[in-house]
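Working notes, beginning with the structure itself.
Because the structure is predicted, anything quoted here is derived from the model rather than measured. All ligand and atom numbering here is 1-based and tracks the order in the structure.
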Amino acid sequence: MKKTLLTLFLCGVGMFCLCSCGEVSGNTSQKVQVGVAYYNQTDTFVRELIDCFKNELETYKTEDLEVTAMVREAAGLEKTQNEQVKELIDAGCNVLCVNLVDRADPSEIIDTAREHDIPLIFFNREPVTEDMMQWEKIYYVGAIARQSGELQGEMAAEVIKNGGVDRNGDGKIQYVILEGEADHQDAIIRTENVVNTLNKEGINLEKLSYQIANWNRAQAENRMKQMIRQYNDEVELVLSNNDDMAAGAVDAYDELNYTEDNRPVFFGVDGTSVGLQAVKDGDFAGTVYNDKEGQASVMAELSVALATGGSLDAITFENERYVYLPYLKVTADNVDEFLNRK
Ligand code: BGC
Ligand code: CA
């Protein structure tokens, strides 16, 4: 009896020590509750990226570490997103991953996070530097926008040099560009760099039109139909800021019953399921892989470290709080490698 009591007493003391030790070291939490807010569920790439992110978070779960994610989409409304961020914090999230509706206006979200001292990871839609500097617990995970334009340009130059693209044989490539949202870093930078790269590669270009289709397949199909009406079969090259819009352009040619012989060549960016399949089927000449697995993996590592007060030493930052993943070229030659990624 005495022995049992003693054991019980010792256990109690042990428990007490464990608990109070945990408290003393302070910011080590055993619960990672990630609040994810993203701009619009209509966006294919962001949806695929968030699926990857949820999978990555799963890998951190252990008996001692509880990891959960709460995801909210804002249907393209900034006001909705501001509210959702508050709700996520009220629900107990201890780290936030935010894909901004308006990348130029994150102040309210930053203020809310700072008030509650919840670290903030922006992803895919990059705030301007001044906003990133508003608080020291703000991070950004994304990709090297400039590189996506360059790689798309290099792939297009190679295909053009192989012949067959200049269908009217005038020595110039008549091209159109389908652009993402007007104020999105990836849209502006991709357009600029793909054209510069083609010029550098010595390709003689003739711009027919640039059309904004907001990353959206249906909008791109409409824009492309208008351009086909205007230019008939003059278009030789379609450069699209993403795969969904390139797929929309292909849809337009399909609907108007254009044969292989009088279609342009199409290039996208992202390597979404649709994009990779289009490369596989020969509908796109190429795409540029937006490394969602890489981005998701850094977001998960960073979320767990920030929520548990763990070390950030294993993460390579640029300018202290930015992580940019590289892009990769995808053509018929290597598309299977990407289709097999999981
Ligand atoms: C992707 C687009 C996506 C956009 C959303 C870009 O990086 O390439 O497909 O629509 O991000 O912010
Ligand atoms: Ca031509």
Exercise. Side chain to side chain donor-acceptor pair (under 3.5 Å) between Asn214 and Gln219: does it pass, once the steps are laid out?
Worked result: CA-CA 7 Å; Asn214 297 309; Gln219 285 186 35; 2.9 Å; yes
Problem set entry | Expected output: side-chain Asp270 to main-chain Asn242 donor-acceptor under 3.5 Å | no
For this session: State, without any angle test, whether Glu179 and Thr191 hold a side-chain donor-acceptor pair at a distance under 3.5 Å.
Result: yes
For this session: For the pair Asp251 (side chain) and Glu221 (backbone), establish whether a donor and an acceptor sit closer than 3.5 Å, ignoring hydrogens and angles.
Result: no
Sub-3.5 Å pairs, protein N or O with ligand 1 N or O:
residue  : atom   : partner : partner atom : Å
ligand 1 : 7 (O)  : Asn124  : ND2          : 3.2
ligand 1 : 7 (O)  : Asp186  : OD2          : 2.6
ligand 1 : 7 (O)  : Arg190  : NH2          : 3.4
ligand 1 : 7 (O)  : Asn290  : ND2          : 3.4
ligand 1 : 8 (O)  : Arg190  : NH1          : 2.8
ligand 1 : 8 (O)  : Arg190  : NH2          : 3.3
ligand 1 : 8 (O)  : Asp270  : OD1          : 2.6
ligand 1 : 8 (O)  : Asp270  : OD2          : 3.3
ligand 1 : 9 (O)  : Asn242  : ND2          : 2.9
ligand 1 : 9 (O)  : Asp270  : OD2          : 2.5
ligand 1 : 10 (O) : Asp43   : OD1          : 3.4
ligand 1 : 10 (O) : Asp43   : OD2          : 2.4
ligand 1 : 11 (O) : Asn124  : ND2          : 2.9
ligand 1 : 12 (O) : Asn124  : OD1          : 2.6
ligand 1 : 12 (O) : Arg125  : NH1          : 3.0
ligand 1 : 12 (O) : His184  : NE2          : 2.8

For this session: Would you please indicate if the ring centroids of Tyr139 and Phe317 are separated by under 6.0 Å?
Result: yes
For this session: Could you please compute the angle at the Ca ion (ligand 2) from OE1 of Gln174 to OE2 of Glu236, rounded to 10°?
Result: 90°
Problem set entry | Donor-acceptor pair, side chain of Asn334 and main chain of Lys329, under 3.5 angstrom | yes
Problem set entry | Check: Arg217 side chain, Ala249 main-chain N or O, donor-acceptor pair, under 3.5 Å | no
Exercise. How wide is the angle at the Ca ion (ligand 2) between O of Lys172 and OD1 of Asp166, to the nearest 10°?
Worked result: 90°
Exercise. Any N/O/S atom of Gly171 sitting less than 3.0 Å from the Ca ion (ligand 2), backbone or side chain?
Worked result: no
Exercise. So, Asp170 and the Ca ion (ligand 2): N/O/S under 3.0 Å, yes or no?
Worked result: yes
Exercise. Is it true that a side-chain atom of Tyr231 and a backbone atom of Leu208 form a donor plus acceptor pair closer than 3.5 Å?
Worked result: yes
